Every structure is written in structure tokens, then in C-alpha cells.
Amino acid sequence: MESLIEELKQKIIAGFNLEGVTPADIQADEPIFGTGLELDSIDALELVAILEQDYGIVISERAVADQAFASVRALAGFVAAHRV
Amino acid sequence: MLRRRPVITGLGIISAAGVGVAAVWASIRAGQSGLRPLSQFVSPRHGHPLVGEVREDVDALAGAVRGSRSDKLAWIAAREALVQAGAEVGKSTDSTRAGVMLGATVGGMRGTEQFLTALLRENRHRFGPLRFHECAGAADLCARQMGALGPVATLSTACSAGALAILAAAQLIEQGEADLMLAGAGDSLARLTLNGFGSLLLLDASGCRPFDARRAGISLGEGAAMLVLEAEATARARGARVLARLSGGGASCDAFHATAPRPDGGGALAAMQRALACAGLPPEAVDFVSTHGTATPDNDAMEAQALRQLFGGSVPPFGSVKRFFGHTLAASGAIKAVLAVQSLREQAVPGTPGFEQVDPKIGLEPVREFRAQRVARILSNSFGFGGNNVALVFEEYPAPGPYPETPAPMEVNSTAVSRGLAIWGAGVVSAAGCSRAEVAAAFRAGGAACSEFAVPVISPTAKVKVYAAREPGGEFALDPARRRKLSRIQQMTLVAARQALGKTRETLGIAPEKIAVAIGTGLGSLNDTAAFVENMIVKDERVPRPALFTSSVHNALASQVAMEWQATGLNSTPVQREISFETALWQAMTELKSGRADLALAGAADELNQYQLAAGLRWGWWCEASSSSSPESHPRVEASANTAPPSPGNALAGEGSAVFALGRGGEASAGGPLAHVSAIRIARSAAWEAEAEAAWMVETLQRDGISASEVDLLLTGANGGNGWDAFYQAVAAAFSRRAGRTVGCAAYKHACGEHYSASAFGFLTAIGVVRGEIQLAGAPDAAVKTVVLLTLSPTGTKGMCCVRA
């Protein structure tokens with residue numbers, strides 16, 4: 001799980017061009033969106049696309065996304081449970 | 001109340017729920033949804049969701065006209081409306097008093113998708129469909145067909161564009177700029193919008209369910225609807241049958257988010273309140289609300305909240321027709337306008353198919369089924385991405401009591417401004433530089449330096465000589481976190497706006513609702529739009545790109561500016577090719593003169609893109625490519641207008657942005673305004689004739705109390721290309737004869753290049769000239785105090801304004 005958390009942090013940094021942000025700057029138990037990273041709801045939808053491309057997980061309802069993106073740890077759990 | 005109150009004399013509509021007003025009303029009466037599984041094109045990702053498709057043969061219905069599917073839908077609806085109105089432009093209505101104001105957001109995207117599919121899938125270079133890419137195509141087509149020579153323009157505020165166009169048309173009539181306006185919108189389905197809304201998780205493949213507890217998103221649709229609006233006096237004078245009245249309208253901006261509405265409904269509430277105030281009516285006068293009601297969870301919750309705030313405990317009957325038509329984007333507000341008039345005529349209101357269960361979080365139930373009811377006044381809402389909200393009030397004609405027939409006019413329009421409106425700030429991003437001082441220096445050096453722009457679509461090494469905008473630096477540059485989320489054109493626009501306004505809202509001291517923003521663009525975020533479509537085609541729709549979709553809408557520029565300064569007044573995005581800036585300037589000045597705004601930003605921006613460059617090269621618009629492998633030779637395509645002669649010829653393409661802060665004057669400010677602007681006007685010519693253009697300019701100046709003999713310089717859109725330069729010279733000579741003195745004639749595009757937003761740079765140049773900061777070849781030796789900026793589009797539209805010290 002910790003390695004998946006690390007992997008997801010890397011994807012978030014690369015996917016959103018977060019210059020100067022390191023994985024250590026992202027807290028695994030804090031909300032991914034609406035916090036210090038200045039990521040908003042459109043970034044959340046970009047993350048939906050990343051999950052589909054990299055893990056084959058298709059999210060078609062916003063409520064599912066909101067739950068999955070509660071924190072990087074929650075996201076890792078979601079990915080582990082749904083990846084194909 | 002709009003003072004010179006527009007009445008409605010013609011209606012036209014084409015949609016999934018029928019072609020023609022009678023057929024559509026029959027569907028409404030029967031509660032018959034027009035949604036069917038998508039069949040027009042193949043969507044690997046979405047398959048066959050329920051959508052509102054026009055099943056009839058649109059090409060055959062449109063007849064012998066050329067244009068995109070959107071353009072043809074618009075013309076089919078326009079033709080019906082004009083026939084019903086019975087107005088013969090050129091006979092019963094003076095051609096110069098007839099105009100066209102349309103909304104559009106999809107435009108020719110279907111053709112652009114075909115171009116990119118052929119290119120990326122089969123490596124075929126079929127540039128033809130790109131000729132009809134622009135959203136302005138429908139207004140140009142309708143104006144040509146009906147022979148309108150009054151104001152012609154297109155607005156693109158996403159899903160509120162049709163409603164905003166109707167409001168703008170009404171304002172033109174109110175100002176006396178026109179007696180008759182064709183107003184409405186048309187938008188076709190496209191893979192871009194299907195995948196775009198899909199990427200935002202806003203599609204409900206099983207059909208939209210407005211206000212229902214289980215609602216899960218929109219159904220897309222396509223169609224067009226048109227109104228013929230006329231000044232009451234001239235409509236009566238020609239014996240027209242009046243169907244209803246447009247009593248008022250209001251626009252607002254959420255200034256909140258690129259796509260999501262302000263959750264408390266504050267923006268929607270402001271638009272409705274402004275519409276009722278404009279109509280001189282209290283909320284209780286409203287008999288029915290035709291909601292935007294898209295069936296996204298956010299929209300319907302927000303809109304219901306706004307209704308509760310406006311009407312308190314007694315929300316009038318309301319409904320949403322989205323399941324009849326799908327969400328037809330820009331056309332949706334125009335379709336609802338046609339239905340509102342029809343409801344007033346028939347004394348009945350549509351039901352809300354798709355609605356079954358009340359959402360406990362909303363607690364309001366829409367009208368379920370078609371029903372007869374007394375209805376004298378209808379409020380119709382349209383909301384768009386970027387928080388661009390519009391509400392319109394339609395009223396029975398003649399209007400029944402108890403409300404006063406002629407309430408006190410809202411429009412103050414009494415500004416005692418002898419020199420015109422004040423220009424307080426100016427910002428620019430261009431090849432000539434990113435400040436007024438840099439631009440002045442570039443002019444001293446004889447123009448801006450060119451650079452080379454890679455056009456791999458022609459060949460891997462192909463480059464085109466262009467006027468690329470310089471990277472803005474200094475105090476107004478955007479920090480990296482801000483830049484990350486913004487496309488190049490958005491960055492250019494925001495930097496220019498920051499220069500014009502200063503960095504923060506706090507420095508303004510003006511209430512947010514008193515700030516209006518109108519930023520024109522000919523082509524919008526071309527590179528993000530192309531990237532979205534390329535990705536969609538190459539990856540077979542497998543990888544959604546929501547951020548690219550949200551920046552593909554033309555009004556992303558103006559709404560970004562609004563968000564930065566929390567500007568909640570009018571927010572508009574004119575997209576009328578070369579006169580996009582002049583249209584924005586007209587809107588900004590209208591907001592100031594009416595007192596609705598105390599500060600208005602007007603501007604325009606466009607960016608370079610390889611496909612546009614390649615297509616322009618092939619069509620002979622731009623100079624040669626400086627590549628070793630030159631493009632294959634192809635016959636030149638004639639300009640789409642039936643007017644001769646000027647074609648852009650061997651001009652050089654450019655890009656850039658310019659934004660201006662305008663006020664009424666008299667505001668406290670150290671040093672006074674930069675300059676003043678007056679005599680704004682947009683119109684159309686059927687054929688270019690120097691004497692006629694000179695006469696038009698003289699008349700326009702006179703209306704604002706300016707004598708032609710005061711004009712020192714005509715600043716033109718000459719671009720070094722065939723035809724245009726000589727024609728502008730001829731106009732200047734004709735103007736000089738009328739002025740009784742030699743008026744100079746000068747150009748500015750050697751500092752910014754040819755692009756749809758170039759005249760915004762021209763406006764900046766004019767300010768520099770009257771301030772003595774810029775000297776131009778062709779200008780008189782003596783100090784230039786009064787400049788007329790003239791912009792002519794190859795399609796026949798034209799714009800002018802006067803800049804004075």
C-alpha cells in the first residue's frame with residue numbers, strides 16, 4: 001500500500017505539472033483537492049482520466065470520484081480494489 | 001422596461017422535437033420527448049446515448065447555402081422567423097436598419113473534427129471544412145441571405161449565448177441602432193461536446209431528468225431558434241402582427257469557477273433580479289419560469305435555490321424543456337424564447353418530461369405535464385460555463401395590468417461626456433511588446449520583429465513567418481501556479497487585463513456588480529481545442545481531457561478575467577471575426593452609458609495555431625512559408641463573402657491581446673484618463689465602396705457630435721495584403737473630401753500581424769497616437785488629436801470608433 005501511495009503521489013505531481021512539489025509535500029491522509037496543492041474540481045476530473053488510462057478504472061459518477069479522492073490513502077485503497 | 005421596447009414579430013425553430021414552430025408545439029403539447037440514441041456519428045466511448053438529434057436532412061432543408069451544420073440549422077430557423085414576420089428587408093424595412101445578433105458555441109466544430117480525423121487517421125490534408133470553423137458563420141450567412149446592413153455580430157458565452165444575443169439585439173433596438181434584429185442561436189452536435197461533457201461526468205446516457213431526485217446530468221442536443229425583434233413603432237407602422245414583447249433582460253457573472261455554478265445561486269438570482277428590474281416588474285408578476293434546468297445535480301439545485309430567494313415562499317409554476325430537445329447549448333436560450341412566446345400566445349405551459357421524484361434537497365416540483373394556464377409574463381433563464389448568466393422577460397402583447405405600461409426608464413444614458421467615455425487603463429501582449437511603452441518603441445523602430453512558427457502539418461521542417469506575441473514579464477506576469485492552469489491565450493488576456501486594471505480588485509474601489517467584462521476573440525483557445533480533438537481522435541476517445549475542454553469554450557477568457565477581479569456584471573465574449581473587439585467595445589460602452597456598470601473592460605485576444613496557419617497558407621491568406629519544402633500548390637479559395645475585392649493576400653499572421661479599462665469619466669484619478677472613446681458602431685456592407693464607407697463614418701461621427709473636419713487620422717486594418725491597402729487609401733481620400741481637409745491614413749498591423757483581434761491592438765495604437773507617444777507613417781506632421789479606427793472584415797462586417805485625447 002505504501003508503494004502505491006508513493007506511486008499515486010508521483011502521478012499527481014507529474015499529471016498536474018506541480019513544479020517544485022515533492023511526494024513528501026503531499027500528506028497521505030489529507031484531502032487531495034481543495035487543500036494546499038491548489039487543485040480544483042477540474043483537476044479531480046483529470047485524475048479520473050489518469051486512473052482510467054493507467055489502472056483501467058472507469059469512473060462515470062462524480063460521487064464515486066469524490067469518495068475515492070478523500071485522500072491519497074483512500075485513493076490507493078480504491079485503486080487496489082478496482083484496478084484491472 | 002426597455003424604452004424603445006422591442007416586440008417579437010417572427011419565430012423559427014428546428015430541433016429534435018420538430019422542424020417549425022407548429023411541429024415543435026405539437027411535441028410539447030403531446031409531451032413527446034425528441035431524445036433518441038445517437039446516430040449521427042460514431043462515439044467509441046459513449047456509444048449511443050440518448051441525444052436530441054435533428055433527423056431531417058439539414059443540407060436539403062437549408063437549400064443552396066454554404067456553411068457548417070450549425071450555420072445551416074441557424075439559417076433554417078431564421079428563414080421561418082423572417083417569413084412569419086413578413087418584413088421585407090430593403091423594402092418595408094430599411095436594410096441599414098436591419099441587423100443580426102446570434103449566439104453560437106459549437107460553430108463548425110463538426111467540420112474541424114472531420115479535418116483532424118482525415119489528417120490524423122489517413123494523413124489526408126482536407127482543409128475545406130476549416131473554412132466554416134468560426135462561430136460567426138451563422139450570423140454572416142443569415143445577414144447575407146436577408147440583406148441586413150445594420151449591426152451584425154455573434155456572441156459566444158457557452159450555453160447562455162442565445163439568450164445573451166437576444167438581449168444584445170434588444171439593446172441595439174433600444175439605442176436606435178436598428179429597427180429590426182434577427183436574434184437567436186444554432187448549435188450542432190459534435191464529438192467535442194459529447195466527449196467534453198463526458199469528461200466532466202455531466203452526461204446522463206439514459207436521458208436527462210430535470211429537477212428529479214435521481215438526476216445525473218444532461219442529454220446533449222442540437223438545433224436552432226430565432227426571433228425577429230422589432231421596434232414597436234416601426235413594426236406597427238409596417239402593419240406587422242405582434243406576437244409578444246421582450247420586456248427586459250439581465251446578465252450577470254458568477255466570477256466563481258470555469259464550469260461549476262456558484263452553489264448558492266447568487267449569480268442566477270442577480271440575472272433574474274436585473275431582468276425584472278429592467279422590465280419594471282416585481283417578482284409576483286411572473287406567471288411561469290422557464291428554467292435552465294439542465295438536470296446536472298449542481299445546476300438544478302443552484303437554480304432552485306435562486307428561485308426560492310427571488311420568490312420566497314411562493315415560487316410560481318416552473319419547468320424545464322431539456323428532455324424535449326436535449327441541451328442545445330447556445331441554442332437553448334433561443335429555443336426557450338420561442339416557447340415562451342408560444343406559451344403567451346396559446347395560454348399554456350410545457351411540462352417537464354424526465355421529472356418523476358421530487359428531490360428532497362430541492363423541495364420544489366416543476367410542472368409535470370403540458371397544461372393550460374393564465375400566463376401573461378414569463379421569466380426565462382439561461383446559464384453558461386464561466387458563470388455567464390442571462391434571464392429574459394417575455395410579456396403578452398398588449399400587456400395586461402396591473403403593472404404600469406411605461407414605468408420609468410432604467411436606462412440613464414444621460415452621461416454628459418463631451419469627449420466620450422474615458423479610457424483609464426490599457427494593457428497589451430503582442431509581437432511589439434507587452435506594455436504601451438514597448439509598443440511605442442516598436443513603432444519607432446518601424447514595426448515589430450517577426451519570428452518563425454513551426455507548422456508540422458505541412459512538413460516536419462515547415463515554418464511560417466509570423467508576428468508571435470512576446471512572453472510577458474515584469475510586475476504583471478503570472479506566477480507559475482497560475483500559469484499551470486491557463487492556456488496561452490488565457491495568459492495573454494489576463495496579463496493585458498492586469499496592465500489595464502492594476503493587479504488587485506482592492507485598488508479599484510468599485511462594487512463587483514458594477515464591473516462589466518467583454519473580451520472578444522475570433523477563434524478562442526485554438527491550441528487547447530485542437531489538443532482536445534487530436535487526443536480524442538488518436539486515442540479513440542479513451543482518454544478524457546476535462547481541463548482542455550473547459551478552456552476550449554470561447555468565454556473562458558472573459559470569465560477568467562471576471563474571476564480575477566470578482567466582476568459580477570455583464571460578462572460577454574463577442575466572436576465576430578475581425579470586429580470581435582469592436583463588438584466588445586460596443587457592449588462595454590453600452591453597460592457604462594446605461595449605468596449598469598461603472599467600470600467596463602473591453603478587449604480581444606487570439607493565438608497562433610499551426611492548423612489555422614496551414615489552412616491560411618493554402619488559401620493564400622498568409623505570406624510564403626520559409627520552409628525548404630513548400631506546401632503543395634493548390635488553387636486559391638475565394639473569400640466566402642460574395643463581396644469583392646479585398647482578400648487578405650500576402651499578409652503575415654499574428655497574435656496577441658489588448659484589454660482596456662473604460663469609465664464614464666469624472667472618476668477620481670491622478671492624471672486623468674489616457675484618452676476618450678466615442679462613435680462606436682458595427683454594421684455590414686454588401687459590397688465595398690469607398691464613398692459609401694466614408695459617408696457611413698461621417699454619419700456615425702455626427703451622431704456623437706463630432707464633425708468629420710475634426711478628424712486628423714484614419715487608422716486602418718491595412719495589412720500589406722492585396723486589395724485592402726489600396727481600398728483603405730480610397731476610403732481615406734473619400735473621407736478627406738467630405739471633411740474638407742486632408743485626413744491622414746495609417747496602419748498598425750506591421751506591429752502586431754493579421755489576426756481577428758488585431759483591431760484591439762489598433763485601439764491601443766490610436767491611444768498612443770493621440771497622446772503623442774506613437775508617430776505613424778502616413779499621419780500628419782502636426783499633433784494628432786482625433787483618430788478614427790476603421791476595421792473591415794472580408795465577410796462584409798465592419799466596425800469603427802473614434803479615439804480622442
Side-chain angles (χ1 to χ4, degrees), chain A residues 7-27 30-70 72 74-75 78-79 82-84, chain B residues 44-47 49 195-206 214-218 256-261 263 296-299 301 385-386 479-487 528 531-532 535-536 538-553 556 559-560 563:
Chain A
E7 181 180 313
L8 287 166
K9 286 180 178 177
Q10 297 281 9
K11 284 190 191 296
I12 288 168
I13 291 166
F16 300 142
N17 279 332
L18 296 177
E19 288 169 36
V21 175
T22 66
D25 297 331
I26 303 176
Q27 301 303 310
E30 283 187 4
I32 303 173
F33 299 99
T35 59
L37 295 176
E38 291 190 29
L39 299 177
D40 66 11
S41 63
I42 294 169
D43 293 309
L45 294 160
E46 289 282 345
L47 188 53
V48 167
I50 290 171
L51 294 185
E52 181 173 338
Q53 195 171 10
D54 295 357
Y55 302 105
I57 301 171
V58 178
I59 298 177
S60 54
E61 282 176 49
R62 210 178 49 174
V64 176
D66 288 346
Q67 223 171 359
F69 301 158
V72 180
L75 180 60
F78 180 82
V79 169
H82 294 91
R83 67 195 301 172
V84 288
Chain B
R45 183 182 189 88
H46 297 283
N195 282 281
F197 282 100
S199 75
L200 299 177
L201 306 182
L202 292 176
L203 285 182
D204 185 345
S206 62
R214 299 152 308 160
R215 69 186 182 282
I218 68 168
F256 174 72
H257 188 270
T259 58
T296 67
D298 285 349
N299 178 83
F385 275 7
D479 59 53
R482 198 93 172 79
R483 291 168 64 102
R484 182 179 74 79
K485 301 220 163 177
L486 300 173
S487 66
D528 274 13
F532 183 93
N535 171 72
M536 178 180 85
V538 171
K539 304 215 169 118
D540 260 332
E541 304 184 353
R542 281 194 305 273
V543 185
R545 299 295 305 275
L548 291 178
F549 177 62
T550 59
S551 80
S552 78
V553 292
S559 59
Q560 280 291 345
M563 270 188 269

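Since the structure is predicted, the reported quantities are computational estimates derived from the model, not experimental observations. The basis for the numbers below is simple: all heavy atoms, side chains too, and nothing from hydrogens, waters or symmetry mates. Note on naming: letters A, B, ... go to the chains in the order of the sequence lines (proteins, then strands), and numbering restarts at 1 for each one.
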Heavy-atom contact with chain B under 4.5 Å, split by part of A:D40:
both
Quick one: what part of A:E46 sits under 4.5 Å from any heavy atom of chain B, side chain, backbone, both or neither?
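Looking at A:E46, backbone and side chain both touch chain B.
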Would you say the side-chain atoms of [X] pair up with the backbone N or O of [Y], donor to acceptor, closer than 3.5 Å?
X      : Y      : value
B:N535 : B:V543 : yes
B:R484 : A:F16  : yes
B:D479 : B:A481 : yes

Tell me, side chain or backbone of [X] under 4.5 Å from chain A's heavy atoms, or both, or neither?
X      : value
B:R483 : neither
B:L548 : backbone
B:S199 : backbone
B:P544 : both

Which residues pass the salt bridge (Lys or Arg N to Asp or Glu O under 4.0 Å) test with A:D54, sequence neighbours left out?
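Only A:K11 meet the salt bridge (Lys or Arg N to Asp or Glu O under 4.0 Å) criterion with A:D54.
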Before you tell me yes or no, could you show the steps for A:D43 and A:I32 under side-chain contact (heavy atoms from CB on, under 4.5 Å), namely the whole-Å CA-CA distance, both residues' side-chain angles and the distance that decides it to 0.1 Å?
CA-CA 10 Å; A:D43 293 309; A:I32 303 173; over 6 Å; no
Residue, of B:R545, B:K485, B:H257, that accumulates the most heavy atom pairs under 4.5 Å with chain A
B:K485
Are A:Y55 and A:F78 close enough that their ring centres sit under 6.0 Å apart?
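No: the rings miss the under 6.0 Å criterion.
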